[in-house]
Amino acid sequence: MRLTRFTDNALRCLLLLGLEPERCITVNEIAERMNMSYEHLVKIVHRLSELGYVETVRGRHGGARLGRPAVHISLGALVRQTEGNLALVECFDPEHNTCPISSACRLASTLDDALNAFLAVLDRRTLADILEPKNALVPLLARR
């Protein structure tokens with residue numbers, strides 16, 4: 001399984017915001033510090049704002065900040081909400097399934113178990129969990 005760039009960048013954006021929860025950080029600064037596309041990040045911040053993960057502030061001292069405490073941001077929920085499609089194989093989607101063996105094949109149930117295990121691990125983790133150790137992360141993301 002591979003997460004989309006959208007989800008990866010959403011996680012990285014939240015990580016930076018979580019390291020500096022006391023201030024608003026501009027999208028441009030996040031993009032520079034996390035080595036992301038500004039245009040793509042604008043879409044990500046907008047979506048994170050719609051989902052309540054991020055609060056945006058307009059004006060001279062505006063930017064983005066966490067919309068809720070890091071301890072209340074489930075990584076599993078975030079991945080489910082930012083990934084467009086978690087169907088690992090064609091037969092997970094009944095509308096587009098053309099596999100001739102799907103009615104007797106055990107591959108789909110095995111992959112479904114694997115996906116559920118992956119998401120279960122993420123469900124047990126919050127943004128606060130991945131913000132540690134802050135003393136190692138903060139210098140790597142120092143303002144440029």
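Sequential numbering from 1 along the given sequence is applied to the chain's residues.
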Would you list the atom pairs, donor with acceptor, under 3.5 Å between side chains in residues 40-54 and any protein atom, with sequence neighbours excluded?
{"unit_1": "His40", "atom_1": "ND1", "unit_2": "Asn9", "atom_2": "ND2", "d": "3.3"}
{"unit_1": "His46", "atom_1": "NE2", "unit_2": "Glu50", "atom_2": "OE2", "d": "3.0"}
{"unit_1": "Arg47", "atom_1": "NH1", "unit_2": "Glu50", "atom_2": "OE1", "d": "3.3"}
{"unit_1": "Tyr53", "atom_1": "OH", "unit_2": "Gln81", "atom_2": "OE1", "d": "2.4"}

Quiz prompt | Side-chain ion pair, Asp123 and Arg80, N-O less than 4.0 Å | solution = yes
Quiz item: Should Glu20 and Arg33 count as an ion pair when the cut-off is N to O under 4.0 Å?
Solution: yes
Quiz item: Do the side chain of Asp112 and the main chain of Ala108 share a donor and acceptor less than 3.5 angstrom apart?
Solution: no
Self-check item: Thr7 side-chain N/O to Leu3 backbone N/O, donor-acceptor pair under 3.5 Å
Solution: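 Not at all, since once roles are kept as given, no pair shorter than 3.5 Å links the two residues.
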Specify the closest pair of heavy atoms between [X] and [Y], including all atoms of both residues, with the distance to one decimal.
{"X": "Gly18", "Y": "Leu131", "result": "O-CD1, 3.7 Å"}
{"X": "His61", "Y": "Cys24", "result": "O-CB, 3.8 Å"}
{"X": "Ala31", "Y": "Ser37", "result": "CB-C, 4.5 Å"}
{"X": "Thr126", "Y": "Ala70", "result": "CB-O, 3.7 Å"}

Quiz prompt | Shared hydrophobic cluster for Tyr38 and Val57 (ILVMFWY, side-chain gaps under 4.5 Å) | solution =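 No; tracing contacts between hydrophobic side chains, which count when under 4.5 Å, never links both residues.
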Quiz item: Going only through I, L, V, M, F, W and Y residues with side-chain contacts under 4.5 Å, is there a path from Leu17 to Met34?
Solution: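 Leu17 and Met34: one cluster.
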[X] [atom1] to [Y] [atom2] distance, which is reported to the nearest 0.5 Å:
{"X": "Ile73", "Y": "Leu66", "atom1": "CD1", "atom2": "CG", "value": "5.0 Å"}
{"X": "Thr4", "Y": "Glu83", "atom1": "OG1", "atom2": "CD", "value": "3.5 Å"}
{"X": "Ile25", "Y": "Leu16", "atom1": "CD1", "atom2": "CG", "value": "4.5 Å"}
{"X": "Leu15", "Y": "Ile130", "atom1": "CG", "atom2": "CD1", "value": "5.0 Å"}
{"X": "Ser74", "Y": "Leu122", "atom1": "OG", "atom2": "CG", "value": "8.0 Å"}
{"X": "Leu14", "Y": "Leu19", "atom1": "CG", "atom2": "CG", "value": "11.0 Å"}

Practice problem: Can you establish whether the number of heavy atoms outside Glu22 located under 6.0 Å from its atom CD is more than 12? | Solution: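 It does: Glu22 CD has more than 12 such atoms within range.
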Quiz item: Got Arg65 and Arg23 here, is their nearest side-chain heavy-atom distance under 4.5 Å?
Solution: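 Contact flag for Arg65/Arg23 side chains = no.
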